[in-house]
Structure formats: C-alpha cells, structure tokens
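Accompanying notes for the structure given below.
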Amino acid sequence: MPVYFKKEDVENKIKVSILSKNNIGLVPTMGSLHEGHLSLIENAVKNNDNVWVSIFVNPTQFSSSENLNKYPKDLEKDVVLIKTISENINIFCPSETEIYGGIPKLKKYDFDNIDIELEGRFRVNHFNGVATIVSKLLELFKPSSIYFGEKDYQQTQIIKRLISLEKINVKMIICPTIREKNGLAMSSRNNLLSNFDKKNSSIIYNSLNILKNNFKNSDLAKIKKEIIYNINKNPNFKVEYFEIANAKTLQIDSVINPEKSYRAFICVLVNEVRLIDNILLN
Ligand code: PAF
C-alpha cells in the first residue's frame, strides 16, 4: 500500500468506500503529530471502516505576520506514528497545488462574529482559512465523521457552523485535550519551546483551573488580573488574552448568567510561540 495518496487516488478510493457503504472517518491535521492527534486517530479507527488522516500545513490560515515556514514539520515521523495505530490508516499529504489549484485563496464566511473573538482578534482571517481548507477536505472525503480536539475549542465552533452553513451531512466528534504531565496542552507548537519554557508553561493550565475554582467568586475580574500579572512576571511569557466567554456564542458577556455555559480561554506567547488552552467553567 502506498504511504500517502494523490488527490485522484483519494477520489477513487472514496468512491469505492461509498459504494461498499463503508463509514469514512477523517482526521484533518497540519502534521507534527503528538498524542493529542493520536487520540483522535484512535477514536476514528474504533468507529469507522476507513480512516483518513490529512497532513497539510494550510497557508490560508496563517496571516502574513505569522511565520508559516516556522510551523514544525516531520512527515516521516508522522507516518511512523500513524502506522503504530494501524497499518490500514490512509494518509493524504497533498501539495498546495493539489488543494488550491493556483495561488491559495481563502473563502469568507459569515460565522456570526465567533471568528472575530478571542483568537480572531489577533489572527485576522485565521478562521476563514481554517474553514476554507476543512470545507475542501469535507468535499473530497465525504466522511461520516470528522475529528477535532477540544484544545482548539473556538475552531470546533467554527467548524460546527461551517457544517451547518454548507448543509454537510457529517458528524463532528470533539475529543478531550491531551496534556503533558505538567498540564500543558499537547500542541505541535510545543516542539518550538525550550525545556525550561515547557516546564514553566504548566502555569497556563494551572491558571485556568484557578479561575474555574473561583468562578463563583464575586471578584472574578480581580482574580483574572492577578493571574495575568503572575504569568507576565516570567520574562519569556506574555498573556495575549485571558477571557471568560459564553461557550456557545464566544461573546465576552459582561454579566455572568448562571443559566448559560461559560469557558475560560487563554493565549500566552512563550518566547513568541503561541500557546492556547481553554476550560469549561460551569
Ligand atoms: O487544527 C488544525 O491542525 C488545523 O487548523 C486544521 C483543522 C487541520 C485545518 O488546517
């Protein structure tokens, strides 16, 4: 079996799967796989007849100021890791031309403003870029289920809306965040951290937990401020945002309504490496 397939091979294999009434599970990734991705793939293998993992560092979700070329890549290792789960997993690792034809272009969607909150405030058009590639992958693979990690919660909400906007018949499965022993959420970007910064990054998940434990406290704003101050005390760390937002709309409500569900979202630049995490508060 080839290690990875060309787009025409994918189209042919998908036709065969559909004719044979096989369930297709798709795990879209940008490679540099870690245990978080592996848990998505394992979940897909358990619940589908055919599993595809796509590996594509999508240019349209990076803004010009973010260094696309700095994104970690290790295709050979990724293939080995995938094959440790099952030899039968199919890998699609397309070129930019296979995906975008000519110059990569993003499509703009109306996401009811959830794309401009939180990450969207700092990464203009990031979620339009994510939606553009996911839409193309959904069209190509026609999966029964598509898998994402809860670490990128805002991304999961965008995809949910994309599926509804484009009326796509697919089940989105959100799998729990997998963490390092010190609580740091697994991310391909962790590979860019020094051991020292990685160790100190435990403060990110600890901070989310402190906020969760104090969610009923009337002086939440003060607690938030203290947490930000504590993180920023580390000269390599800079909090980009630390917000409590409505879990559905991702809007930052000024008054907490106990009937609604909230999450805390954080982004810390650790020596320029963007680390994000989030937690359910109630
Ligand atoms: O979460 C990611 O790795 C990417 O945003 C995704 C969903 C693979 C789209 O490029």
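No experiment lies behind these values; they were computed from the predicted model shown. All values below were derived from every heavy atom in this structure, side-chain atoms included, with hydrogens, water molecules and symmetry-related copies excluded. Read the numbers this way: they start at 1 and go in the same order the structure lists the ligands and their atoms.
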Handout entry: Polar proximity ligand 1 side, Gln61 side, N/O cut 3.5 Å exclusive
Key = yes
Problem - Atom indices of ligand 1 within 4.0 angstrom of Ile133 heavy atoms, with elements - result: 9 (C), 10 (O)
Exercise for the section: Can you pull out the closest protein heavy atom to atom 2 (C) of ligand 1? Residue, atom name and distance to 0.1 Å, please. Expected result: Gln155 NE2, 3.9 Å
Fill in the blank from the handout: Phe148 heavy atoms within 4.0 Å reach ligand 1 at atoms 7 (C)
Problem - Pair Phe62 and Tyr71, ring centroids less than 6.0 Å apart - result: yes
Practice task
Could you tell me the separation between the CG atom of Leu138 and the CZ atom of Phe141, rounded to the nearest 0.5 Å?
Solution key: 10.0 Å
Exercise for the section: Establish, from distance only, whether the side-chain atoms of Asn213 and Asn209 form a donor-acceptor pair under 3.5 Å. Expected result: no
Problem - Distance (rounded to the nearest 0.5 Å) between Asp112 CG and Leu250 CG - result: 11.0 Å
Completion exercise
If you scan protein heavy atoms around atom 3 (O) of ligand 1, the nearest is Met30 CG, 3.6 Å
Problem - Check: Phe265 ring centre within less than 6.0 Å of Tyr241 ring centre - result: no
Practice task
With heavy atoms of Thr29 as the reference, note each atom of ligand 1 found under 4.0 Å away.
Solution key: 8 (C)
